[in-house]
Amino acid sequence: MKLITAIVNKEDSKHVCNELIKAGFSVTRLSTTGGFLMAGNMTLMIGTEDEKVDSCIDLIAQCCKKRTEIVPSTTSYGMGVATAYPLQVTVGGATVFVTNVERFEKL
Ligand code: 2BA
């Protein structure tokens, strides 16, 4: 068995969850915050059989779009002189980790 941990954009999370549930996967949704942008995202935990991992990842890929975010950034020239400029960052579709599950119990 594997645990798939997928970090997805908040805007995609409802759609991706609905599709995963329709396809028979069990999903837990956690509200999380990206360390770089400090913006909210969603982390999905999906426990599934090894042979279903690829179809789960394919489904996530179909539902999650890449987005461009503009974040404010600054460059310092020393002596208290700094310039602010917008920085373009590409986020997603999804960041996915697949880990082995040693033991799975429902008690
Ligand atoms: P954030 O940490 O808020 O990162 C948002 C986007 O900012 C990232 O998109 C990436 O394009 C950029 N970024 C992140 N750290 C950067 C850095 N040190 N320098 C320059 N640009 C940087 P994604 O790669 O698609 O990641 C989306 C979210 O997935 C991340 O939000 C974070 O919550 C999570 N994530 C991504 N890689 C991770 C990892 N290796 N471990 C844990 N969480 C990860």
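As the structure is a prediction and not an experimental result, all values here were calculated from the model. For ligands, and for the atoms within them, numbers begin at 1 and follow the listed sequence.
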Can you report which non-hydrogen protein atom sits closest to [atom], along with the distance?
atom	value
atom 38 (C) of ligand 1	T95 CG2, 4.0 Å
atom 27 (C) of ligand 1	V91 CG1, 3.9 Å
atom 34 (C) of ligand 1	I7 CD1, 3.5 Å
atom 20 (C) of ligand 1	F36 CZ, 3.6 Å
atom 12 (C) of ligand 1	V89 CG1, 3.4 Å

Original post:
Just wondering, do V27 and V16 contact through their side chains at under 4.5 Å, heavy atoms?
Top reply: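 Contact flag for V16/V27 side chains = no.
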**OP:** Answer yes or no: is there a side-chain heavy-atom contact under 4.5 Å between K2 and N100?
**Re:**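 Counting from C-beta outward, K2 and N100 do come under 4.5 Å.
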Subject >> Sequence-distant partners of E11, side-chain contact (heavy atoms from CB on, under 4.5 Å), two or more places apart >> reply: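 Checked E11 against side-chain contact (heavy atoms from CB on, under 4.5 Å); matches are N9, R67.
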Under 3.5 Å, sequence neighbours excluded: what are the donor-acceptor pairs made by side chains of residues 33-40?
none

Hey, which atoms in ligand 1 end up nearer than 4.0 Å to a heavy atom of [X]?
X	value
N41	28 (C), 31 (O), 33 (O)
G34	1 (P), 2 (O), 3 (O), 31 (O), 33 (O)
L37	1 (P), 3 (O), 5 (C)
T90	9 (O), 10 (C), 11 (O)

Subject >> Polar contact flag for F97 and ligand 1 (N/O pairs, less than 3.5 Å) >> reply: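 For ligand 1, there is no N or O atom that lies under 3.5 Å from one belonging to F97.
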Original post:
Could an N or O of ligand 1 be found under 3.5 Å from any N or O of G92, whether backbone or side chain?
Top reply: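 Yes.
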**OP:** Can you see which heavy atom on E105 is nearest to which on L107, and at what distance?
**Re:**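 The answer is OE1-CD2, 3.7 Å.
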Original post:
What closest approach, in Å, do V96 and A6 show between heavy atoms, and which atom pair accounts for it?
Top reply: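 So the two residues come closest at CG2-CB, 4.1 Å.
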Original post:
Contact between G35 and ligand 1, counting heavy atoms under 4.0 Å?
Top reply: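 It does, in that a heavy atom of G35 comes within the 4.0 Å cut-off of ligand 1.
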Original post:
How far apart are the C-alpha atoms of T48 and I4, what are their side-chain angles, what is the distance that settles it, and do they pass the side-chain contact (heavy atoms from CB on, under 4.5 Å) test?
Top reply: CA-CA 8 Å; T48 191; I4 300 170; 3.9 Å; yes
Original post:
If you measure from CG on L20 to CG on L59, what distance do you get to the nearest 0.5 Å?
Top reply: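 So the gap between those two atoms works out to 5.5 Å.
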